[in-house]
Engineer: 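Could you have a look at this structure, given as structure tokens, before my questions?
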2 protein chains.
Amino acid sequence: MIATELLEKYGALSKSFNKSETIFEEGKSPTHYYQILSGEVKMNNFNDDGREFIQGFFNKGQSFGEPPLFLNRVYPANAIAVEDTELLCISKDNFMKLLSENPSVSLKIIENLAQRLHYKSVMAAEISTHEPEHRVLRLIDYSITYFNFKEDKNGHRIDLTRQQIGDLTGLRVETVIRAIKSLEKKGTLKIINRKVYR
Amino acid sequence: MIATELLEKYGALSKSFNKSETIFEEGKSPTHYYQILSGEVKMNNFNDDGREFIQGFFNKGQSFGEPPLFLNRVYPANAIAVEDTELLCISKDNFMKLLSENPSVSLKIIENLAQRLHYKSVMAAEISTHEPEHRVLRLIDYSITYFNFKEDKNGHRIDLTRQQIGDLTGLRVETVIRAIKSLEKKGTLKIINRKVYR
DNA sequence: CTTAATTTATGACTGAAATCATAAGGGTAA
DNA sequence: TTACCCTTATGATTTCAGTCATAAATTAAG
């Protein structure tokens with residue numbers, strides 16, 4: 001996260017997106033650096049059958065879509081506002097200028113990329129070699145530290161639908177539902193009022 | 001890649017590893033920044049059944065294992081020399097000092113992490129939602145630009161065994177063999193002398 | 001040079017997750 | 001308030017990749 005004032009000093013402008021609106025599309029060239037002022041964004045892909053894969057969710061204060069900016073490559077995924085969202089946008093040129101004139105910001109970017117790379121490494125190994133229950137549980141545990149799900153007396157409330165968990169782990173809804181049921185039976189997690197707690 | 005002289009200025013030392021020797025293990029805390037002088041390194045995970053997943057290969061000039069260094073986290077995977085390898089190693093503290101005193105190096109690190117994140121994004125979507133043939137072909141195409149496989153009159157020679165392709169895409173050897181056979185039948189790639197060309 | 005291990009290969013069989021079908025509860029938009 | 005869609009749910013069926021078995025070709029090791 002880069003300080004709002006610093007971004008504004010380099011000409012950042014805020015832009016609003018309605019729920020479900022597309023921010024950028026897979027295959028397009030990046031033009032801006034984006035940071036979330038409010039709302040939530042997801043990055044995803046669709047295969048030929050229209051099946052979705054969710055690369056990740058991004059919340060207030062987080063940036064997204066930088067890698068292609070640094071590589072002069074096209075976006076490998078779409079970015080979509082999952083609720084009404086306000087973004088701070090700064091053009092690629094201005095962003096690069098900001099970076100070169102403010103070395104301490106680089107470290108923030110590095111930490112951010114490192115964190116996302118870490119998540120991807122963990123999930124890649126999970127998706128490739130583990131059975132559904134393991135994958136679902138690992139995603140849940142990771143999301144507890146990664147997103148900040150609130151904790152109450154029942155534990156952490158996992159604010160993801162079964163469908164979203166499926167799209168994050170490469171599983172079908174029905175499989176996720178059955179996996180969660182089975183994990184509950186084993187006492188690994190709780191289902192209260194259809195919501196998952198851990 | 002950071003210039004050898006610069007690394008040495010900050011106390012980097014070279015270290016040799018024999019083929020199959022472990023450089024670091026999953027779950028351990030990072031202590032050094034590593035850059036390859038010669039040889040090849042792979043990062044991998046094993047699931048409970050001993051099934052391997054290869055996170056990636058790293059060659060001369062490349063660094064690996066930085067994310068946990070920046071996050072104060074443990075390694076999410078193992079690093080193993082796939083052939084006799086010589087590394088340039090610099091302690092975490094010295095590396096951080098180098099970074100803060102040489103801002104231009106940060107951009108190199110950022111580009112490196114961005115590239116790896118890009119690869120992971122592409123492969124995650126592939127592994128999650130596409131059938132074997134698609135996954136194998138995508139890995140091959142990505143590896144052509146990512147590694148530098150040499151090109152001759154038959155095309156790019158894919159220097160990966162069927163087993164390695166399987167471990168990179170989360171498929172079993174037999175499935176990879178059949179997928180490659182099928183892709184050859186369709187004329188998508190060539191098999192000459194058991195080697196894959198594209 | 002011989003032996004052992006790895007790699008590619010193919011066929012038969014199995015099983016786990018995907019698919020299909022259906023339904024009820026909950027939220028929300030008109 | 002109603003109608004519609006999303007979410008959770010469950011059972012039956014199918015399918016495709018995994019598994020198992022076996023073998024030849026090639027490479028690496030002793």
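The sequence lines fix the lettering, A, B, ..., with proteins before strands; numbering per chain opens at 1. Treat the numbers as computed from the prediction; the structure is a model and nothing was measured.
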Engineer: Quick one: B/R194 CZ to C/dT10 P, roughly how many Å, whole number?
Structural biologist: 11 Å
Engineer: So, does B/T175 get its side chain near the phosphate of D/dG18, meaning an N or O under 4.0 Å from OP1 or OP2?
Structural biologist: yes
Engineer: Rounding to an integer number of Å, can you tell me how far A/R135 CZ sits from C/dA18 P?
Structural biologist: 7 Å
Engineer: Would you check if the distance from the ring center of A/Y10 to the ring center of A/F95 is below 6.0 Å?
Structural biologist: no
Engineer: Any side-chain N or O of B/K181 less than 4.0 Å from the OP1 or OP2 oxygen of C/dT10?
Structural biologist: yes
Engineer: What nucleotide, of D/dG18, D/dA21, C/dA18, holds the atom closest to the side chain of B/E174?
Structural biologist: D/dA21
Engineer: Whether the side chain of A/R178 and the base of C/dT19 hold a donor-acceptor pair under 3.5 Å is what I'd like checked.
Structural biologist: yes
Engineer: May I ask you to check whether A/N44 and A/E52 show a side-chain donor-acceptor distance below 3.5 Å?
Structural biologist: yes
Engineer: Taking only the side-chain heavy atoms of A/R172 (C-beta and beyond), determine which of C/dA17, C/dA18, D/dT26 contains the nearest atom.
Structural biologist: C/dA18
Engineer: Answer yes when B/E133 and B/K186 have at least one side-chain N-carboxylate O distance shorter than 4.0 Å, and no when they do not.
Structural biologist: yes
Engineer: If you assign B/L171 and A/Q164 each to the DNA chain D nucleotide with the nearest heavy atom, which residue ends up on the more 5' nucleotide?
Structural biologist: A/Q164
Engineer: Have a look at A/G170 and say if it touches a base, only the backbone sugar-phosphate, or nothing, with a 4.0 Å heavy-atom cut-off.
Structural biologist: sugar-phosphate
Engineer: Looking at B/K19 and B/E83, is there a salt bridge between them, counting it only when a charged N and a carboxylate O are closer than 4.0 Å?
Structural biologist: no
Engineer: Do the charged groups of B/D159 and B/R157 touch, with an N to O distance under 4.0 Å?
Structural biologist: yes
Engineer: Over how many whole Å does the gap from B/I191 atom CD1 to D/dA25 atom C1' extend?
Structural biologist: 15 Å
Engineer: Nearest of D/dA17, C/dA17, C/dA18 to any side-chain atom of A/R51?
Structural biologist: C/dA18
Engineer: Should B/R162 be listed as having a side-chain N or O under 4.0 Å from OP1 or OP2 of C/dT8?
Structural biologist: yes
Engineer: Nearest whole angstrom, please: distance from the P of D/dA9 to the NZ of A/K195.
Structural biologist: 11 Å
Engineer: Distance check needed: C/dT8 P versus B/D159 CG, whole Å only.
Structural biologist: 11 Å
Engineer: How many whole angstroms separate atom CD of B/Q163 from atom C1' of D/dT27?
Structural biologist: 16 Å
Engineer: Using whole Å, what does the distance between atom P of nucleotide D/dA29 and atom CD of B/E83 come to?
Structural biologist: 13 Å
Engineer: Would you kindly give the CD1-to-P distance between B/I177 and D/dG18, to the nearest whole Å?
Structural biologist: 12 Å
